[in-house]
Amino acid sequence: MSTTAETTPADGAPETGTGVWLHGVTVDVDPATLAGVAGMDGAPVRAVRAAGLTAVVSAAPLAEYGEAALRRNLEDLAWLERAARTHHTVVDALSRAGAVVPARLATVHRDDDRVAGVLAERRDELAATLARLTGREEWGVKGYVAPGALPGTAEPAGGGGAGAAYLRRRRAQLTAREEGQRIAADAAATVHAALAGYAVAARRHAPQDRRLSGAATAMVLNGAYLIDRSRLAGFSELVGALADGHPELRLELTGPWPPYSFVAEPSAEPAHPVRREPA
């Protein structure tokens with residue numbers, strides 16, 4: 001995550017005025033789509049057009065979204081969740097209407113001219129990305145260790161009393177768990193390879209912790225796949241076939257999502273904004 005904002009006042013005083021929060025870039029967008037989506041200030045988002053591209057933005061009061069304020073607010077989990085949800089809602093609406101290059105969360109410019117400058121400076125890169133995303137969607141496949149799929153543990157033989165028997169059982173349980181995780185991890189790699197071979201592009205993200213996934217068992221696959229819309233039915237069938245062929249995994253198909261996983265980081269920063277990376 002990163003923030004983009006123009007410089008704060010030299011005397012350290014709170015920023016005033018209104019900045020421009022960038023949600024994403026498209027070739028064009030229907031005004032009706034914009035009218036039905038609220039931006040960061042609660043008002044409908046709007047378009048800034050330049051260089052044959054369209055940036056979808058919303059008003060961002062600098063008292064809350066200026067550089068110093070963002071640095072503070074990004075440490076507030078409740079604020080961050082609200083901002084991320086609003087930003088995602090806009091990007092999701094754009095992705096359902098056509099190809100979109102999502103902006104990273106908390107990308108704020110001083111004014112429309114700055115946004116137009118970014119479109120002009122990065123026109124070739126953005127246009128190429130939009131062309132690659134046209135007619136395609138991001139879908140996710142999560143794989144979890146299937147309940148009851150881990151190897152069973154037989155009662156280990158041996159003497160030595162209750163304490164020794166307990167230690168043998170614990171050792172056997174840990175060995176079985178490690179073996180089960182290895183089997184599930186191997187299956188996840190096989191599943192990902194098959195899905196990646198079908199997709200236009202694929203990314204394998206780090207598995208989510210159970211506290212985040214909410215699942216009862218460990219996640220071993222967190223894949224993202226860029227799929228041609230015309231081939232989505234076949235992709236769904238492939239997920240089902242892989243689930244049947246790997247009972248040690250529980251596969252979950254999610255989407256469509258905006259193409260967050262398939263937008264490359266810019267090769268060079270725009271000349272106008274000052275970008276800061278929070279710790």
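All of these numbers come straight from a predicted model, not from anything done at the bench.
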Participant: Find out whether Leu226 and Leu133 are in side-chain contact, i.e. whether some heavy atom of one side chain is under 4.5 Å from a heavy atom of the other.
Facilitator: yes
Participant: Examine distances only and state if a side-chain atom of Tyr198 and a backbone atom of Arg231 form a donor-acceptor pair shorter than 3.5 Å.
Facilitator: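 Yes; at least one donor-acceptor contact below 3.5 Å.
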Participant: Which heavy atom of Ser213 sits nearest a heavy atom of Met219, and at what distance?
Facilitator: CB-CE, 4.0 Å
Participant: State whether the side chain of Thr86 and the backbone N or O of Ala83 hold a donor-acceptor pair below 3.5 Å, judged by distance alone.
Facilitator: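 Side chain of Thr86 to backbone of Ala83, a donor-acceptor pair under 3.5 Å: no, none is there.
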Participant: Can Glu137 and Trp139 be counted as having a side-chain donor-acceptor contact under 3.5 angstrom?
Facilitator: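 Indeed, the side chains of Glu137 and Trp139 share at least one donor-acceptor pair under 3.5 Å.
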Participant: Before giving the answer on salt bridge (Lys or Arg N to Asp or Glu O under 4.0 Å), spell out for Arg72 and Asp76 the whole-Å C-alpha distance, their side-chain angles and the decisive distance to 0.1 Å.
Facilitator: CA-CA 7 Å; Arg72 180 180 64 253; Asp76 181 338; over 6 Å; no
Participant: For Trp21 and His109, test the side chains for any donor-to-acceptor distance below 3.5 angstrom and give the result as yes or no.
Facilitator: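 No - no donor-acceptor pair under 3.5 Å links their side chains.
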Participant: Under 3.5 Å, is there a donor-acceptor pair between the side chain of His23 and the main chain of Leu94?
Facilitator: no
Participant: When you measure from the side chain of Asn222 to the backbone N and O of Lys142, does any donor-acceptor pair fall under 3.5 Å?
Facilitator: no
Participant: Identify whether Val191 and Tyr225 are in the same connected component of the hydrophobic contact network (ILVMFWY, side-chain heavy atoms under 4.5 Å).
Facilitator: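 Same cluster: Val191 reaches Tyr225 through Ile, Leu, Val, Met, Phe, Trp or Tyr contacts under 4.5 Å.
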Participant: Can any side-chain N or O of Ser58 pair as donor or acceptor with the backbone N or O of Met40 at less than 3.5 Å?
Facilitator: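 The answer is yes, because a donor-acceptor pair under 3.5 Å joins these two groups.
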Participant: Supply the atom-to-atom distance Glu237 CD to Leu242 CG, rounded to the nearest 0.5 angstrom.
Facilitator: 12.0 Å
Participant: Salt bridge (charged side-chain N to carboxylate O under 4.0 Å, His left out) with Asp228: which residues, sequence neighbours excluded?
Facilitator: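 Only Arg136 meet the salt bridge (charged side-chain N to carboxylate O under 4.0 Å, His left out) criterion with Asp228.
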Participant: Can you give me the closest heavy-atom contact between Ala218 and Arg210, atom names plus distance?
Facilitator: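 Of all heavy-atom pairs spanning Ala218 and Arg210, the closest is N-NE, 3.6 Å.
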Participant: Say you draw a straight line from CZ of Arg82 to CG of Asn73; how long is it, rounded to the nearest 0.5 Å?
Facilitator: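 Answer for the CZ-CG pair, Arg82 versus Asn73, is 8.5 Å.
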Participant: Could you check whether any side-chain heavy atom of Pro259 comes within less than 4.5 Å of a side-chain heavy atom of Pro102, counting everything from C-beta outward?
Facilitator: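 Contact flag for Pro259/Pro102 side chains = yes.
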Participant: Say you draw a straight line from CH2 of Trp257 to CZ of Phe262; how long is it, rounded to the nearest 0.5 Å?
Facilitator: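 Nearest 0.5 Å value for the CH2-CZ distance: 13.5 Å.
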Participant: Under a 4.5 Å cut-off applied to non-hydrogen side-chain atoms, are Leu70 and Glu64 in contact?
Facilitator: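 Side chain of Leu70 against side chain of Glu64, heavy atoms only: no contact under 4.5 Å found.
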Participant: Does the side chain of Arg96 reach to within under 4.5 Å of the side chain of Asp92, using non-hydrogen atoms?
Facilitator: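 Contact flag for Arg96/Asp92 side chains = yes.
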Participant: Answer yes or no: is there a side-chain heavy-atom contact under 4.5 Å between Leu221 and Tyr144?
Facilitator: no
Participant: Given side chains that start at C-beta, do those of His246 and Ile183 come closer than 4.5 Å, heavy atoms only?
Facilitator: no
Participant: Give a yes or no on whether the backbone of Ala187 and the side-chain of Glu248 come within a donor-acceptor separation of less than 3.5 Å.
Facilitator: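 No, Glu248 side chain to Ala187 backbone: no donor-acceptor pair under 3.5 Å.
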Participant: Spell out, yes or no, whether Leu126 and Val100 are grouped together once hydrophobic residues are joined by side-chain heavy atoms under 4.5 Å, including indirect joins.
Facilitator: no
Participant: Leu249 and Ala188: which non-hydrogen atoms are nearest, and at how many Å?
Facilitator: CD1-N, 3.7 Å
Participant: Which donor-acceptor pairs under 3.5 Å do the side chains of residues 48-57 make with protein atoms, sequence neighbours left out?
Facilitator:
residue: Arg49; atom: NH2; partner: Asp28; partner atom: OD1; Å: 3.3
residue: Thr54; atom: OG1; partner: Val27; partner atom: O; Å: 3.1

Participant: Measure the shortest side-chain to side-chain distance between Leu253 and Ser236 over non-hydrogen atoms and say whether it is less than 4.5 angstrom.
Facilitator: yes
Participant: Has Thr129 got a side-chain atom pairing as donor or acceptor with Glu125's backbone, closer than 3.5 angstrom?
Facilitator: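 Flag set: sc Thr129 to bb Glu125 pair under 3.5 Å.
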Participant: State, yes or no, whether a side-chain contact exists between Val108 and Val20 at a heavy-atom distance under 4.5 Å.
Facilitator: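 Not touching, per the 4.5 Å side-chain cut-off.
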Participant: Donor-acceptor pair, distance only, cut-off 3.5 Å: does the side chain of Thr33 make one with the backbone of Val29?
Facilitator: no
Participant: In Å, rounded to the nearest 0.5 Å, how long is the span from NE2 of His88 to CG of Leu105?
Facilitator: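 Those atoms lie 12.0 Å apart.
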Participant: What pair of heavy atoms forms the shortest contact from Asp244 to Pro247, and how long is it?
Facilitator: O-CD, 3.9 Å
Participant: Rounded to the nearest 0.5 Å, how far apart are CZ of Arg85 and OG1 of Thr89?
Facilitator: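 Between atom CZ of Arg85 and atom OG1 of Thr89 there are 8.0 Å.
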Participant: Return the minimal non-hydrogen interatomic distance between Ala224 and Glu138, and the atom names on each side.
Facilitator: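 Looking at all heavy atoms of both residues, the closest pair is CB-OE2, 3.6 Å.
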Participant: Determine whether Val141 and Val220 fall in the same hydrophobic cluster, where Ile, Leu, Val, Met, Phe, Trp and Tyr are linked whenever their side-chain heavy atoms lie under 4.5 Å apart.
Facilitator: yes
Participant: Where do His205 and Ser261 come nearest, in terms of heavy atoms and distance?
Facilitator: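 Looking at all heavy atoms of both residues, the closest pair is NE2-OG, 2.9 Å.
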Participant: Is there a donor-acceptor contact under 3.5 Å from the side chain of Thr18 to the main chain of Ala60?
Facilitator: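 No, because the side chain of Thr18 does not come within donor-acceptor range (under 3.5 Å) of the backbone of Ala60.
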Participant: Check salt bridge (charged side-chain N to carboxylate O under 4.0 Å, His left out) between Arg250 and all other residues, then give those that pass, not counting sequence neighbours.
Facilitator: Glu252
